[in-house]
Amino acid sequence: MIPIDTKLESSEKEFAEVRDMLEKHQFAVGGNWDYDHGYFDRYLDEEHKVWLRMPFDVINGNIDSETQDLDAKIRMGKPFVLKHIYNEGLDKEAHPRALGSLVDQFQEPLDPDAEVESKWVTEAKKVLDQVEDRLLH
């Protein structure tokens, strides 16, 4: 994981505004969000192993996927680049279950925090520069 300095860090905006703008830059709200914090994620490589992640904290209001009433104001955290090295293929030790079978059939990452090559840090900085221009001006 490599943290990246940006003017976005500590900026405060409406969640819906940030989400809508970031979607135009191929970001999505990461699946591990909660009512008080979350991440905007964008893959940087075609294999979806290198990611630019922008954390945020909810400072006012709520984020709820069940309603369109997203009144949250968020504070952006320090973005970072991370790389996951996955073991391709199915897990031979997996045990099928009705609800978990779609997730549990795949193996754990070989290295969930693999070394990130400098070209990906450069690419992430380019993306963040574009996002800064849109969000801060």
Side-chain angles (χ1 to χ4, degrees):
M1 177 177 83
I2 299 178
I4 300 177
D5 291 326
T6 177
K7 296 174 189 172
L8 292 170
E9 187 177 355
S10 299
S11 65
E12 297 178 3
K13 296 269 188 196
E14 297 297 320
F15 172 77
E17 175 188 356
V18 175
R19 181 203 58 210
D20 293 348
M21 197 286 301
L22 288 177
E23 284 177 351
K24 294 175 185 172
H25 288 274
Q26 303 170 348
F27 282 87
V29 176
N32 53 349
W33 66 272
D34 204 342
Y35 294 97
D36 63 348
H37 69 278
Y39 300 94
F40 293 105
D41 293 334
R42 175 186 166 164
Y43 63 87
L44 297 174
D45 66 330
E46 292 301 317
E47 295 82 25
H48 298 200
K49 293 180 181 179
V50 182
W51 293 85
L52 172 56
R53 177 164 273 184
M54 297 177 61
F56 64 85
D57 291 311
V58 177
I59 56 174
N60 188 17
N62 295 298
I63 296 175
D64 187 349
S65 65
E66 300 298 318
T67 178
Q68 293 299 317
D69 184 26
L70 299 171
D71 62 348
K73 187 169 187 177
I74 60 173
R75 179 181 302 120
M76 301 301 293
K78 182 182 276 299
F80 55 94
V81 180
L82 68 148
K83 183 176 182 180
H84 294 297
I85 302 296
Y86 294 100
N87 192 356
E88 305 293 332
L90 299 178
D91 186 350
K92 294 176 183 169
E93 302 295 320
H95 300 286
R97 295 189 329 239
L99 294 176
S101 63
L102 292 176
V103 175
D104 295 341
Q105 66 182 329
F106 298 103
Q107 296 179 15
E108 292 293 318
L110 292 174
D111 189 350
D113 196 16
E115 182 178 343
V116 177
E117 295 85 356
S118 62
K119 71 178 184 176
W120 298 121
V121 175
T122 301
E123 181 64 24
K125 287 179 180 179
K126 287 179 189 176
V127 171
L128 287 171
D129 286 344
Q130 294 171 3
V131 169
E132 278 181 7
D133 285 345
R134 300 282 309 272
L135 276 178
L136 298 179
H137 297 99

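Because only heavy atoms are used, hydrogens play no part in the values below, and waters and symmetry mates are left out as well, while side chains stay in. Everything quoted here is computed from the prediction, not taken from an experiment.
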| request: Mind checking the CZ-CH2 spacing from Phe40 to Trp51? Nearest 0.5 Å is all I need. | output: 14.5 Å
| field | Within-4.5 Å side-chain heavy-atom neighbours: Phe15 and Val58 | value | no
| note | Rounded to the nearest 0.5 angstrom, the CD1-CZ distance for Ile74 and Arg19 is 10.0 Å
| Side-chain donor or acceptor of Asn60 paired with backbone N/O of Lys73 under 3.5 Å | no
| message | Once rounded to the nearest 0.5 Å, what's the spacing between atom NZ of Lys125 and atom CG of Leu52? | response | 12.0 Å
| query | Sub-3.5 Å donor-acceptor pair from the side chain of Lys7 to the main-chain atoms of Glu132, do we have one? | reply | no
| note | Residues Pro79 and Pro55: closest non-hydrogen pair is CA-CD, 4.0 Å
| request: Test side-chain contact (heavy atoms from CB on, under 4.5 Å) on Ser11 and Leu135 and set out the steps. | output: CA-CA 9 Å; Ser11 65; Leu135 276 178; over 6 Å; no
| Are any of the side-chain heavy atoms of Glu117 and Lys83 separated by less than 4.5 Å? | yes
| Which is it for Gln130 and Asp133 under the side-chain contact (heavy atoms from CB on, under 4.5 Å) test, yes or no, and what are the steps along the way? | CA-CA 5 Å; Gln130 294 171 3; Asp133 285 345; 5.8 Å; no
| query | Does Phe56 belong to the same Ile/Leu/Val/Met/Phe/Trp/Tyr cluster as Ile59, with side-chain heavy atoms less than 4.5 Å apart forming each link? | reply | no
| task | Measure across Ile2 and Val116 and return the closest heavy-atom pair with its distance rounded to 0.1 Å. | result | CD1-CB, 3.8 Å
| request: Determine the interplanar angle of the His48 and Tyr43 rings, folded into 0 to 90°, and report it as parallel if under 30°, tilted if 30 to 60°, perpendicular if over 60°. | output: parallel
| query | Can you list the steps and then say if Met21 with His25 is a side-chain contact (heavy atoms from CB on, under 4.5 Å)? | reply | CA-CA 7 Å; Met21 197 286 301; His25 288 274; 3.4 Å; yes
| query | Between Leu44 and Trp120, what is the shortest heavy-atom contact and its length? | reply | O-CZ3, 3.0 Å
| message | Could you measure the distance from the CG atom of Asp41 to the CD atom of Gln26? Nearest 0.5 Å is fine. | response | 13.5 Å
| query | Could you state the interatomic distance from CG (Asp57) to NE2 (His37), rounded to the nearest 0.5 Å? | reply | 7.5 Å
| field | From Leu22 atom CG to Glu17 atom CD, the distance as rounded to the nearest 0.5 Å | value | 10.0 Å
